[in-house]
Amino acid sequence: MVLIRKADVTDAGAIGKVSVESWQTTYRGIMADRVLKRLSVEDRVENWKNTIQADESTTFVAVDTEEQIGGFLNIAVKESADSARIGEITAVYLLENWQGQGIGKMLLLTAFTCFVEQSIYTVRVEVLSENDSRLFYEQFGAEMIEKRIFKLLMTCLIYLYMNGRISAVL
């Protein structure tokens, strides 16, 4: 059984580990091996400690009955160009052996619920075009609105869940 709960700073170690391991499996063949090999769990742990403590975003973790973390999601609220508040999914990562079990969907639904509770009905997510996870977002109604070249000369797709699409998923 897997539960979704809000992360706290004590989860940073496990989140850092999931972050590095999932990047290394998800982006294999998409990013250069040298980039993936240089990823540091210690750096990611510090990053996630700071992120959680800063309280500028919310992180949720997927935990099993032994409180082992196998995935996480981070969300934030941003202002759009027209000053409307929109939700942003900044990270969703699962260990490879946690994928394909509906846990990503559980994390996504948790994010949507959190946004709706704040009267936010537009949610943005960016995904590398070569990353098959874009199909996950499309499956739940995200519409690609823009293609952009990313810093590493990779193509980033920007998706939006608009108004009614979030309610339809919930």
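Owing to the predicted nature of the structure, the values given are computational and were not obtained by experimental measurement.
For Lys78, there are no salt bridge (charged side-chain N to carboxylate O under 4.0 Å, His left out) partners, not counting sequence neighbours. The ring pair (Phe, Tyr, Trp, His ring centres under 6.0 Å) test applied to Tyr159 returns no partner, not counting sequence neighbours. Under the rule for a side chain to side chain contact (heavy atoms under 4.5 Å, CB included), the partners of Gln68 that lie at least two apart in sequence or sit in another chain are Asp64, Glu66. Legend: residues meeting side chain to side chain contact (heavy atoms under 4.5 Å, CB included) with Gln24, ordered by chain and number and at least two apart, are Val20, Leu36, Leu39. Scored by the side-chain hydrogen bond (donor to acceptor under 3.5 Å, both in side chains) test, Ser57 finds Asn74 as partners (sequence neighbours excluded). Looking at residues two or more places apart in sequence or on another chain, you find a side-chain hydrogen bond (donor to acceptor under 3.5 Å, both in side chains) between Glu126 and Arg124. Under the side-chain hydrogen bond (donor to acceptor under 3.5 Å, both in side chains) criterion, Thr51 pairs with Asn47, not counting sequence neighbours. Not counting sequence neighbours, Thr65 has no partner by the side-chain hydrogen bond (donor to acceptor under 3.5 Å, both in side chains) test. When the ring pair (Phe, Tyr, Trp, His ring centres under 6.0 Å) test is applied to Tyr27, the partners found at least two apart in sequence or on another chain are Trp23. For Val61, the side chain to side chain contact (heavy atoms under 4.5 Å, CB included) partners at least two apart in sequence or on another chain are Arg5, Ala7, Asp11, Ile15, Val63, Ile69, Phe72.
The nearest pair of heavy atoms linking Gly13 to Val45 is CA-CG2, 3.6 Å. Considering every non-hydrogen atom in both Ala62 and Val2, the closest pair reads CB-CG1, 3.9 Å. Of all non-hydrogen atoms in Gly71 and Val18, the two that sit nearest each other are CA-CG1, 4.1 Å. The minimum heavy-atom distance linking Glu130 with Ile30 is given by the pair O-CD1, 3.4 Å.
For the pair Ile89/Leu108, a side-chain contact is recorded, criterion being any heavy-atom separation below 4.5 Å from C-beta on. Residues Ile4 and Leu107 form a side-chain contact, since some pair of their non-hydrogen atoms from C-beta on lies under 4.5 Å apart. In this structure, the side chains of Leu160 and Thr122 come closer than 4.5 Å at one or more pairs of heavy atoms. In this structure, the side chains of Leu73 and Tyr93 stay at 4.5 Å or more apart for every pair of heavy atoms. The shortest side-chain heavy-atom distance between Gln118 and Val77 falls under the 4.5 Å cut-off. With a 4.5 Å cut-off on side-chain heavy atoms, Val123 and Glu88 do not count as touching.
In the hydrophobic clustering of ILVMFWY residues, with side-chain heavy atoms under 4.5 Å counting as a link, Ile86 and Tyr121 come out apart.
One N or O on the side chain of Gln99 and one on the backbone of Leu94 form a donor-acceptor pair closer than 3.5 Å. Within the 3.5 Å criterion, the main-chain N or O of Asn97 finds a donor-acceptor partner in the side chain of Gln101.
The list of salt bridge (Lys or Arg N to Asp or Glu O under 4.0 Å) pairs with a residue in residues 131-140, not counting sequence neighbours, reads Asp132-Arg134. The salt bridge (Lys or Arg N to Asp or Glu O under 4.0 Å) analysis of residues 31-47, with sequence neighbours excluded, yields the pairs Glu46-Lys49.
We find the CE-CD1 distance between Met144 and Ile158 to be 10.0 Å, quoted to the nearest 0.5 Å. From Ser129, atom OG reaches atom NZ of Lys147 across 6.5 Å, with rounding to the nearest 0.5 Å. Taking CZ from Phe60 and CG from Leu3, the interatomic distance works out to 13.5 Å, rounded to the nearest 0.5 Å. Of the inter-residue distances, the one linking Cys114 atom SG with Lys6 atom NZ reads 8.0 Å to the nearest 0.5 angstrom.
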